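As the structure lists them, so they are numbered: ligands from 1, and atoms in each ligand from 1. A quick note: this is a predicted structure, and the numbers were derived from the prediction, not measured.
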Amino acid sequence: MISQKKSFCLLLIFCLFLQEIIAKAEVPCQPIALKCEHLVNPIGVDAVQPRLSWQLNDSRSGAKQTAYQIFVGTDSLKLLKGQADVWNSGKVLSSSTLESYKGSDLKAFTKYYWKVEVWDKDGIRAKTSFITGFETGMKGMKNWKGSWISDSHDVTTKPAPYFRKTFSASKKILSARAYIAVAGLYELYLNGKKIGNHRLDPMYTRFDRRTLYVTHDVTSAMQDGINAVGVLLGNGWYNHQSTAVWYFDKAPWRGRPAFCMDIRIVYEDGSVETISSGKGWKTSLSPVVFNSIYTAEHYDARLEQPGWNTPKFEDSSWKDVIFRSAPSENIVAQLLHPIRDVEEIPVQKFNKITESNYVFDLGRNISGVSRIKVKGLPGTTIRLKHAERLMENGHVDLSNIDVHYRPTDDSDPFQTDIFILKGNSEETFTPKFNYKGFQYVEITADQPVELSKESLTGIFMHSDVPAAGEIKSSNQVVDKIWKATNNSYLSNLFGYPTDCPQREKNGWTGDAQIAIETGLYNFDGITIYEKWLADHRDEQQPNGVLPSIIPTGGWGYEWGNGPDWTSTIAIIPWNIYLFYGDKKLLADSYDNIKRYVDHITEISPSGLTTWGLGDWVPVKSKSPVELTSTAYYYADAGILAKAAKLLGKEADFVKYNKLALKIKDAFNAKYFNKETGLYGNGIQTELSVALFWGLVPDLYKNKVAENLAKRVEADNNHLDVGLLGTKAILNALSENGYADAAYKVASQETYPSWGWWIVNGATTLYENWPIDAKSDISRNHIMFGEIGAWFYKSLGGIKPDPDQPGFRNILLEPHFVQNLNHFEASHDGPEGKIVSSWTRENNVIQYKVVIPPNSTAKLRLILEKGRNVFENQKTISTENTLMKIQGTDNQVFTKTLSAGTYLFELKF
Ligand code: BGC
């Protein structure tokens with residue numbers, strides 16, 4: 001007999017259960033966008049504690065998460081029923097949407113499924129997420145079965161090698177994965193088909209310290225019975241045969257490309273078979289008769305061996321492979337957005353000069369390759385010369401980008417592919433192991449060929465990072481500057497950030513620290529930067545010194561590597577923390593930042609440092625190197641102190657805070673004139689760098705900002721800065737009450753300005769302000785690209801809050817600048833889309849804001865006196881203080897916003 005009390009309890013439990021089911025069904029909240037290691041459904045994950053993240057799909061105002069529970073299991077059906085055989089986090093009272101896996105050790109080669117449940121703003125359990133997964137990879141060196149193999153040729157041999165092997169899959173296949181580590185570049189084929197759509201894999205690293213392997217799901221490429229696997233190896237940065245001023249041909253790691261691969265097949269009966277690289281593989285030279293990541297590729301179609309990567313191919317004339325030592329003892333998973341052929345660009349203009357000489361114009365400057373379709377006589381040699389400029393006579397001009405190239409003969413022309421035809425039917429050629437920077441392609445054939453506009457297509461290649469932001473405005477030039485900035489950013493993202501895609505392809509640190517915010521507002525770049533900071537760790541000397549280009553074959557430890565460039569070690573992890581709310585990169589880089597800062601301290605006991613290049617490629621005035629380098633030293637010490645605090649290293653926090661203060665004092669003692677409120681000679685870079693990096697004592701900020709505004713006005717509202725000044729100038733103005741002045745500079749269309757390039761036809765950013773400059777004249781540099789971030793920060797006013805990073809709290813401070821009637825910025829942050837959009841009509845400003853779920857914003861509006869803030873026709877009560885800007889009174893409204901959509905009207 002059940003007692004009355006017991007049955008009441010059971011009824012209550014049942015009712016609660018029912019209530020929960022009903023509530024759950026009704027709660028309009030569900031976790032979505034699940035990622036592991038910042039990627040969707042990744043395979044080949046080796047992280048010990050993979051990071052799991054999600055967003056809330058909840059459009060209610062004030063939406064937020066009050067708790068979560070993560071379930072990880074190896075059986076998706078069981079997981080569906082809530083049975084997690086691997087890890088159940090239990091209910092965690094937290095609003096965090098980024099957590100590391102904390103279950104028992106993950107096994108190699110295993111598919112893990114996971115889902116997350118959340119409790120909404122009212123503490124009600126919401127709908128569960130869909131189930132997603134991640135799959136582990138090699139998890140260390142001990143699981144590799146294959147051997148490193150290559151052919152017997154040496155580093156000077158030009159043709160790229162083919163490798164092949166056949167094997168029999170004896171039973172029904174459940175799944176198959178290829179794990180391939182390469183010193184050089186590769187394309188992998190199974191049964192005649194190329195595997196995957198990645199390009200230029202694996203990404204460039206310091207091969208003798210860290211070599212990347214890539215995991216491919218090859219299940220669908222496998223067939224019953226006999227299978228053939230084919231590998232084509234390219235040189236990449238591993239065997240740099242072209243000669244240029246950075247001596248990559250002398251890199252310590254250099255060798256004939258080699259690879260190691262395991263194809264792990266799981267049969268339906270549960271048994272596992274691994275097909276590995278080793279003896280038994282055969283090799284032959286391929287029709288890729290020359291390939292250089294730096295210059296171009298040459299292809300002789302007459303040497304094609306049809307079906308070389310299929311089972312039936314007769315390979316008795318092929319040679320045996322040889323064993324090779326591994327390039328490094330550190331073979332790690334490549335887990336990032338890969339390089340892809342992202343966009344096909346049709347030719348805009350076509351010029352037939354003769355029967356055998358044509359010039360194609362893509363109408364825009366890109367990084368990548370061109371694809372040609374052509375029909376001609378056997379042996380016809382076609383040269384495809386890629387350039388950013390045309391000469392007056394209509395031929396392409398390489399003189400702005402071949403200046404650092406040091407060819408030893410004429411067999412390797414710069415940015416010029418060579419394609420030799422098999423003959424008679426239409427043939428297609430696209431290089432596999434090279435990319436270039438170009439807008440124009442000139443084709444010269446040694447026999448007449450008939451080409452049309454459609455014969456050539458441009459292919460924009462870059463690390464395929466998802467877009468994460470958009471700018472739209474009523475000023476077309478602003479919109480074009482934003483697009484050109486993104487084009488240059490992407491043209492310079494190839495698994496590491498570069499300076500330019502043509503002349504150098506170098507991982508110049510200075511350019512990358514300048515562009516980090518532009519990159520992160522516009523693209524989901526964390527995976528690329530985490531990889532690149534690992535490159536930093538590989539390259540750092542024990543004393544903390546970093547080279548100016550990363551990766552490097554050794555060049556750059558002696559030139560250009562002061563704090564104005566190599567502060568990437570601190571600035572990039574700090575920005576990743578701000579944008580993603582993810583501490584991992586900061587924690588991984590902590591000791592490296594510390595060694596770096598300690599080294600500067602050692603060589604700069606006074607607190608001032610002259611180590612650096614200074615304000616590179618300035619318009620006219622040049623500020624002292626000591627001023628700019630010391631500002632970066634100060635920034636690094638500050639980041640280190642903040643990181644110490646975050647990571648619970650209290651003693652370091654105290655020590656580096658003290659150091660930062662010492663640097664600030666030394667800086668101000670030497671450069672600041674309290675009487676005049678000027679730094680140094682009072683030029684734009686001097687004043688704005690001091691303001692932007694926070695070196696100006698609070699008491700004097702207004703005075704210095706006023707001086708900067710006057711300086712800019714005296715410079716006719718045009719730029720007078722170089723690389724370091726462009727990072728600071730617009731921000732220094734708009735953050736200190738002079739947004740209108742900043743916008744004037746940002747939107748100029750006459751020299752020197754970004755708009756000047758645009759009105760002259762630029763589709764990317766240039767390396768120098770004058771278009772007809774004689775040196776430093778690449779047409780695809782990201783180093784002046786901070787303006788792309790400034791649009792978000794100042795006109796849109798969207799900034800991450802260091803106290804609640806990852807846009808958990810948004811610092812929202814738009815500037816409704818004069819002479820611009822509409823502006824909209826949106827950014828996809830970790831919690832969802834943030835929108836800040838304003839329109840001015842008849843002196844009324846409509847301001848629309850979207851704050852994603854699980855976020856808040858601190859809105860701060862600086863408005864003319866008398867302008868009121870209305871929401872739903874009503875004035876809203878805000879904290880309202882007065883602020884003097886340029887001698888006139890302004891009102892500062894502040895209000896805290898929770899998740900939701902808002903429409904404010906700002907009127908008199
Ligand atoms: C690069 C720059 C780089 C600079 C260092 C140039 O050759 O292209 O972007 O930062 O050298 O001074």
What are the atom names and distances for all N or O pairs under 3.5 Å between ligand 1 and the protein?
from: ligand 1; atom 1: 7 (O); to: Arg503; atom 2: NH2; distance (Å): 3.3
from: ligand 1; atom 1: 7 (O); to: Glu504; atom 2: OE2; distance (Å): 2.4
from: ligand 1; atom 1: 8 (O); to: Asp499; atom 2: OD2; distance (Å): 2.7
from: ligand 1; atom 1: 8 (O); to: Arg503; atom 2: NH2; distance (Å): 2.7
from: ligand 1; atom 1: 8 (O); to: Glu504; atom 2: OE2; distance (Å): 3.3
from: ligand 1; atom 1: 8 (O); to: His781; atom 2: NE2; distance (Å): 2.8
from: ligand 1; atom 1: 9 (O); to: Asp511; atom 2: OD1; distance (Å): 3.3
from: ligand 1; atom 1: 9 (O); to: Asp511; atom 2: OD2; distance (Å): 2.4
from: ligand 1; atom 1: 9 (O); to: His781; atom 2: NE2; distance (Å): 3.0
from: ligand 1; atom 1: 10 (O); to: Asp511; atom 2: OD1; distance (Å): 2.5
from: ligand 1; atom 1: 10 (O); to: Trp565; atom 2: NE1; distance (Å): 3.0

Kindly state whether the ring of Phe207 and the ring of Tyr238 have centres lying under 6.0 angstrom apart.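 Yes; Tyr238 has its ring centre under 6.0 Å from that of Phe207.
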
Using a 3.5 Å distance criterion without hydrogens, assess whether the side chain of Lys727 forms a donor-acceptor pair with backbone atoms of Ile514. yes

Applying side-chain hydrogen bond (donor to acceptor under 3.5 Å, both in side chains) between Tyr596 and each of Thr566, Asn543, Asp591, report the one that passes.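 Going through Thr566, Asn543, Asp591 one by one, the side-chain hydrogen bond (donor to acceptor under 3.5 Å, both in side chains) with Tyr596 is satisfied by Thr566 alone.
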
Could you tell me if His386 and Ser370 have a donor-acceptor pair between their side chains, going purely by distance under 3.5 Å? yes

So how far is it from Trp611 CH2 to Ile603 CD1, rounded to the nearest 0.5 Å?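 Here the rounded value is 5.0 Å.
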
Checking ring-ring contact (aromatic ring centres under 6.0 Å, His included) against Tyr294, which of Phe414, Trp237, Tyr204 comes through? Phe414

